[in-house]
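Before any comments, here is the structure.
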Amino acid sequence: MNRHAVEDAIFPGCPIRNVLDRLCDKWSLLVIYTLNKTESQKLRFKQLQREIPDISQKMLTATLRTLEEDGYITRTVYPEIPPRVEYALTDLCRSLIPHINALLLWALEHKEKIIKNRKKARQSKEEEL
């Protein structure tokens, strides 16, 4: 049994953990940010993969499926050969964008202090050894 299954059993229906657990993984916010910054408002899979070069095909697929399940993005399949699939943000996700932008601004504002704190903590650990 994994950590999430245990937490779900102990804290069933916790809305904060439930939402943040899926939204704040390694890739979800980056995918949302990438879809939001495009002028066309829609991107195909390969376009997303080019915009996020560190993400594997498997992880991008899993992230897109999770975001679609939660209603943050739409997936439109066009009956062509080969099939064309486009991803776009939903209104629900667009309502989240100002909060993501506020978090990004906060991170930029405090980045230097956070990095300084990390260095200080690392040095303290090294001195203890």
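Taking 4.5 Å as the limit, some side-chain heavy atom of V85 sits within range of a side-chain heavy atom of R75. Residues L89 and I97 form a side-chain contact, since some pair of their non-hydrogen atoms from C-beta on lies under 4.5 Å apart. Contact annotation: the side chain of Q49 never approaches that of R44 to less than 4.5 Å [non-hydrogen atoms, C-beta and beyond]. Looking only at side-chain heavy atoms (C-beta outward), K26 and M59 stay at 4.5 Å or farther from each other. Residues L23 and Y72 have side chains in contact (heavy-atom distance under 4.5 Å, counting atoms from C-beta outward).
Side-chain atoms of Y78 and E86 form a donor-acceptor pair, as typed in the model, at a separation below 3.5 Å.
Atom NE2 in H110 sits 7.5 Å away from atom NZ in K113 (nearest 0.5 Å). A distance of 10.0 Å separates NZ in K111 from CD1 in I114, rounded to the nearest 0.5 Å. Between S28 atom OG and L67 atom CG the span is 4.5 Å, to the nearest 0.5 Å. The NZ atom of K42 sits 8.0 Å away from atom CZ of R84, with the distance rounded to the nearest 0.5 Å. Note that the CD atom of Q123 and the CD atom of E127 stand 6.5 Å from one another [nearest 0.5 Å]. Separation of atoms NZ (K37) and CG (L43) is listed at 9.5 Å; rounding is to 0.5 Å.
Taken together through direct or relayed side-chain contacts under 4.5 Å among Ile, Leu, Val, Met, Phe, Trp and Tyr, V19 and I100 form part of one hydrophobic cluster. Side-chain heavy atoms closer than 4.5 Å link hydrophobic residues (I, L, V, M, F, W, Y) into clusters, and following such links, possibly through other members, connects L48 to V77.
With hydrogens and angles ignored, the 3.5 Å screen pairs no side-chain donor or acceptor of T90 with any backbone N or O of T74.
When the shell of 6.0 Å around CZ of F45 is examined, it contains more than 12 heavy atoms from other residues, nucleotides or ligands.
L92 approaches D70 most closely through the heavy-atom pair CD2-O, 3.8 Å. Between L35 and Y87, the shortest heavy-atom contact is CD2-O, 3.5 Å. Of all the heavy atoms in R94 and D91, the pair that sits closest is NH1-OD1, 3.1 Å.
Each of I32, I52, T34, L64 was scored for a side chain to side chain contact (heavy atoms under 4.5 Å, CB included) with W27, with one residue passing: I52.
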